[in-house]
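Everything on this sheet refers to the single structure shown next.
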Amino acid sequence: SKRSPKLADHIQARFGVSKRHARLIARDQISKISAKLNHKRQKDLGIEKFQWQTVSDERVRDWHRDELDGNVYKFDDPPLNENGDPVLPGDDVNCRCSADPVVD
C-alpha cells in the first residue's frame, strides 16, 4: 500500500519504535481496516457466508492453511482461534487471508 510507508513514519515518530516494527504495524493496521470494510460490505449486501482463502504461499500460518483454507463459515459464526475468540480473515497480525463471498 502506498499509505503504509507514510503511516509507518508517523508510528515511528509517535511511539519511538524501530522503522521495521513501525512498518509491520502500519501494514497490519491498513490490512485490518481493508478486511473489516470488506466484511461489512458483504454483510450489508446480505451475504451471510464466506469461504476462507489464503494467499497460498510459504508465509501462510499453518492453522490458516491446514484448518481454515477453503472452508465455508458464517460471518456471525466464524471459527474460533486457540483462545476461543472468533476470528475472521485479516484479524490475525499480518494475516493476508480473504473472505470470499458465498451466495446460496
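Values in this document were obtained by computation on a predicted structure and should not be read as measured data.
- No side-chain heavy atom of R41 sits under 4.5 Å from any side-chain heavy atom of D44.
- Contact check for R96 versus R59: side-chain heavy atoms found under the 4.5 Å cut-off.
- Within a 6.0 Å radius of CD in Q51, other residues, nucleotides and ligands contribute more than 12 heavy atoms.
- Side-chain atoms of D91 come within 3.5 Å of backbone atoms of L88 as a donor-acceptor pair (strictly under, hydrogens ignored).
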Next item on the list: Before giving the answer on side chain to side chain contact (heavy atoms under 4.5 Å, CB included), spell out for K19 and D9 the whole-Å C-alpha distance, their side-chain angles and the decisive distance to 0.1 Å.
Entry: CA-CA 7 Å; K19 187 166 196 76; D9 289 343; 3.2 Å; yes
Taking distance alone, no hydrogens or angles, what donor-acceptor pairs closer than 3.5 Å link side-chain atoms of residues 97-104 to residues at least two apart or in another chain?
{"unit_1": "S98", "atom_1": "OG", "unit_2": "D100", "atom_2": "OD1", "d": "3.3"}
{"unit_1": "D104", "atom_1": "OD2", "unit_2": "K49", "atom_2": "NZ", "d": "3.2"}

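- Applying side chain to side chain contact (heavy atoms under 4.5 Å, CB included) to R61 and the options L68, D66, V93 leaves one that passes, V93.
- The two residues A8 and A26 make their nearest non-hydrogen contact at N-CB, 3.7 Å.
- In the hydrophobic cluster analysis, where Ile, Leu, Val, Met, Phe, Trp and Tyr join through side-chain heavy atoms closer than 4.5 angstrom, F15 is grouped together with I25.
- Side-chain contacts under 4.5 Å among hydrophobic residues (ILVMFWY), followed directly or transitively, place V55 together with V60.
- When all heavy atoms of D92 and D28 are compared, the closest pair comes out as O-OD1, 3.9 Å.
- Closest approach of H64 and C95 over heavy atoms only: CE1-SG, 3.5 Å.
- For N83, the side-chain contact (heavy atoms from CB on, under 4.5 Å) test picks out N81, D85, with sequence neighbours left out.
- Listed here is the closest heavy atom pair of E67 and N71: O-ND2, 2.6 Å.
- For the pair K43/D76, a side-chain contact is recorded, criterion being any heavy-atom separation below 4.5 Å from C-beta on.
- Residue pairs meeting the ring pair (Phe, Tyr, Trp, His ring centres under 6.0 Å) criterion with at least one member in residues 80-104, sequence neighbours excluded, do not occur.
- Put simply, CG on L24 and CG on N94 are 4.5 Å apart, with the number rounded to the nearest 0.5 Å.
- A search for side chain to side chain donor-acceptor pair (under 3.5 Å) contacts involving R23 returns nothing, not counting sequence neighbours.
- Counting only residues at least two apart or in different chains, ring pair (Phe, Tyr, Trp, His ring centres under 6.0 Å) contacts with residues 67-104 comprise H39-F75, F50-Y73, F50-F75.
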